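Only a predicted model underlies this, so the values are computations on that prediction, with no experimental measurement involved. Residue numbers start from 1 in every chain, and the chains themselves are labelled A, B, ... in the order their sequence lines are given, proteins ahead of strands. These values consider heavy atoms only, across backbone and side chains, with no hydrogens, waters or symmetry-generated copies.
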Amino acid sequence: MEAPFRFDQQTCLCTTPLSVSAYYSAQNTRLEASEKRTKGSKINISLEQIKNLHKRFQQLSGDEDTISKENLESIPTLANNPIRKQIIGAFFDKRNQHRGEAGSCDQIGFEQFLMVMSHFRPPTLKMTAEEKEAMRREKLRFLFNMHDTDNDGTITLVEYRKVVEELLSKSGSIGQEAAEAIADAAMLEVASTNVPTMGPDDFYEGITFEHFEQILKGLEMESRMHIRFLDVDTTTMRCGKSTS
Amino acid sequence: MTSGTGPRGRPGAGRGLPERGLLLLLVLVLLEGSVVFPLGAASSPDVDPRGHSEDRAVAEESQNYSKKAFPVLSLDYHHIHVPFEIALWVLLASLMKLGFHLIPRLSSIVPESCLLIVVGLLVGGFIKLAGEKVPPVLDSQSFFLCLLPPIILDAGYFLPIRPFMENLGTILMFAVVGTLWNAFFVGGLLYAVCQIQPGNPSDLHNLELLPCLLFASIISAVDPVAVLAVFEEIHINELLHILVFGESLLNDAVTVVLYHLFEEYSGAGTVTILDGVLGVISFLVVALGGVLVGAIYGFLAAFTSRFTSHVRVIEPLFVFVYSYMAYLSAEMFHLSGIMALIACGAVMRPYVEANISHKSHTTIKYFLKMWSSVSETLIFIFLGVATVDGPHSWNWTFVTVTVLLCLVSRVIGVIGLTFVINKFRIVKLTTKDQFIVAYGGLRGAIAFSLGFLLEEKHFPMRDMFLTAIITVIFFTVFVQGMTIKPLVELLAVKKKQEAKRTINEEIHTQFLDHLLTGIEDICGHYGHHHWKDKLNRINKKYVKKCLIADERGREPQLIAFYHKMEMKQAIELVESGGGFKPPSALPSTVSMQNIQPKKPAAAKPVQRALPQLPKGREEEIRTILRSNLQRTRQRLRSYNRHTLVADPYEEGFSDFIIKKQKIIELEKKIIHMNNLTLPAAPPDSPTLCRARLASDPQAYRPKRDSVPTIQVDLASPQSPDSVNLMDEFRANGSRREEEEDQGLTMRPRGEDGRREQLTRCLSDPGPSADEDEDEPFLP
């Protein structure tokens, strides 16, 4: 691996010998080559888009090398989002870095930021069915990690209830009352679909990843879960940039 | 067809009944046909003698008042002939529709639109034979003012907003750029072809460029009526459906502008650049103006519906009248009436549906479907009739070149546009998709009417145009309409997903929306989701408060979905007669107890202590029940006129409201009790589980004070459709209510014959005389 990044296990920091922007401007082609090797099939984002994301990263981090949760929480437009905490948490979740680790970091570097963002790239026309399937699983795994907060591999009823509660958190008291009932019904549905014959003594532990895949089969995640700008020409990306 | 289908072979006794029914229909039709037209002919002479006799009577009044015998029975057809004929046409159309469905094989091979045109041809033939004048329908404004609006309103009101908005860019490209391309390509090439006839000076040489372009602009627009008629039967996937259908709706603005532009300047002979620029501006005005007019009326309708809680019976009327006025207002300014109607329907729907009663909602739905169905049938029949009647002038070159050019230009247009569009789309359009979009570009009655409206003196070629238009329409409707279904099968195009939406999908759709909005915010990119989210928030904060009557109408979508689902399930259970097996497709034995988290204690909890229903739970039950009384919308998932899903709870709703209430209330109780009682029964369906529980002597004994007091207050106590039985539920006092509660649950009422029977089946000892036994939990 010829990537200039060193990954620090303890602090999840990506330390770079040079500052990232200097690196980019100096050695564009080398980055492209190394990008292809290290990120390769995992992150298929073009150089242009990496540059744009890098600019944003600098903005968020205040020109530092890493961003912390406070940086993200300070984005004003994010304040209205009911699942704000989960989204921010997902960036700092080690499971989304595809290194087989668990836990969460305090600070993340640009590479981790990019890694998380890569979950939102859209499918291309040239992808084969297997590639599309793999992409779908990757995206579903991202969602699953967001729900499965204690990392035991299943989404328990309590966790699912929390999810629905958060979703309805901006809807006042009516939301809270119904949240539990909705979560229960949803769980029941998952159990019924995946394990149709359960004795009255059996206990359905929680939604495993396979069950999760099964119930969300109809949603076609690979084409729905994407951010548009990761696909289109960056010329059209210039419009609509915020400065916050 | 009339003579051919009668003596069709009778293969078996089982087929006898539909055949007989069909014969009866045909006889009826023939009868009315043969009665009316001679009647029409015979009655006209009545007018004159009448007039004369009256004059004479007046003149001779003072003198010998010639006394005739008092007419006991007289015939005066002329008096009522206009509404009578209209009613007859409508009746004919409806009987035809009935007839087609009695012949099982026919409706699966040939699309209805083709059959109706054939019927129209036959009827037109009859009329011509009878020597009568064909009613001028397609060449007068009555087509645009009476027949077209119901279809468009139906389409607009039930337009699936989400896929429409997601694909709006694509749809606009096809509608605007595609139609323009078609018009200019066909017009230009047609003119060129007309000019090149060497040596043989024919009429075609007189055809100038502008009339050609006018003709092309009429013929190039995809017709919503025809598209609807054909696409509804092929059940294609949502994306393609919305693309073609959306295109057919939105190209109206282009058609209007081009038509008026070329019509105006055909006299002058030239179109300058200035006119072109004005045309572009005019297009924007027409399109946006139409949408604006529609939106204004939509908001008016929504606002009005906020106050209709006391006069529920006229709620549907507001929807119809406001929409129609939107259409007429737009037509008044020569704006796009179709876009106005669509905008009006789409804008008013979410708010109106939150305000109106369930019955009004049903009424609106059925009236719209009914009117649009009849309209569509009539349009196709009249197309047939007008073909027989209309002035024709056949010109081989012109007609064949037109048909050919239409096809070619459509294909080229779609391919070219898709190439450009795919650069901006995430879900690209494949070749198969392109083929269906190109093949689905049907022309229809709008083109014909626009042709008819041309004036003879300005357009001497009018007859030729009409013939060509008719030919193109026939070609697209018959050839393309009939073959599209087998082609869809052959190409294995993705069909519409029939699966019901589950609550998990709903939760995750919402979750995904918020997630993507959040990611966009983090990236600082104001994209799609950002603006959508902003719009939603503005909607929730300001608009809904203004337009929706009460708090319950403003609950978030997830909760509304959940309530609707729960309600549907409960009513399905009741409908299926108590259900020996769960009515849903899931033969699952999973019940709530399987998913409730185990108690931390190692042993199973043995307590039989009767849990108090916590206050929160009560509140929740109350809210849910109360809102369920309002929330019974069946959101039509697809726009399909032919299969109005037989809602299990449309009929006899008021009876079931009470049953459902009781069921839900009991279900809630038992759900929570389930994990606390000994689950000793063998694996069985949840219904039997619960039933066994009922006969379990250790079953739940409700203590007086733990029974939740259900207070049901209706939205409108004075509304005429509030059921009297509801009074029983009104909280006059908790004491009485508890008694009622017990009473209603314990004693099988006379009307609940079914319930009575079932409880006897499910629980062995049968309905016990013991008041306290919790018995008729009807699963």
Nearest heavy-atom pair of B:Ile522 and A:Arg56: which atoms, and what distance?
O-NE, 2.7 Å
Side chain / backbone / both / neither for A:Arg224 at chain B, heavy atoms under 4.5 Å:
both
Just checking A:Arg141: does its CZ atom have more than 12 heavy atoms from other residues, nucleotides or ligands closer to it than 6.0 angstrom?
yes
Given heavy-atom pairs under 4.5 angstrom as the criterion, report whether the side chain, backbone, both or neither of A:Val116 touches chain B.
neither
Using non-hydrogen atoms only, which part of A:Tyr160 is less than 4.5 Å away from chain B: side chain, backbone, both, or neither?
side chain
Would you mind checking which part of A:Ile182 comes under 4.5 Å of any heavy atom in chain B, side chain (CB onward), backbone (N, CA, C, O), both or neither?
both
Let me confirm one number: the CD1-CD distance from B:Ile507 to A:Glu189, rounded to the nearest 0.5 Å.
8.5 Å
B:Asp533 CG to A:Asn80 CG distance, which is reported to the nearest 0.5 Å:
7.5 Å
Contact summary for B:Ile503 and A:Ala186, nearest pair of heavy atoms:
CG2-CA, 3.5 Å
How far does CZ of A:Phe212 sit from NE2 of B:His508, to the nearest 0.5 angstrom?
3.5 Å
Checking heavy atoms, do the side chain of A:Leu216, its backbone, both or neither come under 4.5 Å from chain B?
side chain
Surrounding NZ of B:Lys494 (heavy atoms of other residues, nucleotides or ligands, distance under 6.0 Å), is the total greater than 12?
no
Rounded to the nearest 0.5 Å, what separation is found between the CG atom of A:Leu167 and the CD atom of B:Glu506?
10.5 Å
Quick one: of B:Thr517, B:Thr502, B:Thr509, B:Val427, who has the most non-hydrogen atom pairs under 4.5 Å with chain A?
B:Thr502
Working for side chain to side chain contact (heavy atoms under 4.5 Å, CB included), residues A:Ile87 and B:Asp521
CA-CA 11 Å; A:Ile87 299 178; B:Asp521 288 333; over 6 Å; no
So with a 6.0 Å cut-off around NZ of A:Lys217, is the heavy-atom count from everything else above 12?
no
If you count heavy-atom pairs under 4.5 Å between each of B:Glu505, B:Gln510, B:Lys534 and chain A, which one has the most?
B:Glu505
Rounded to the nearest 0.5 Å, what separation is found between the CE atom of A:Met146 and the CZ atom of B:Phe511?
4.0 Å
Below 4.5 Å from any heavy atom of chain B, which atoms of A:Ile83 appear? Answer side chain, backbone, both or neither.
side chain
Quick one: CG on B:Asn504 to NE2 on A:His211, what's the gap to the nearest 0.5 Å?
12.5 Å
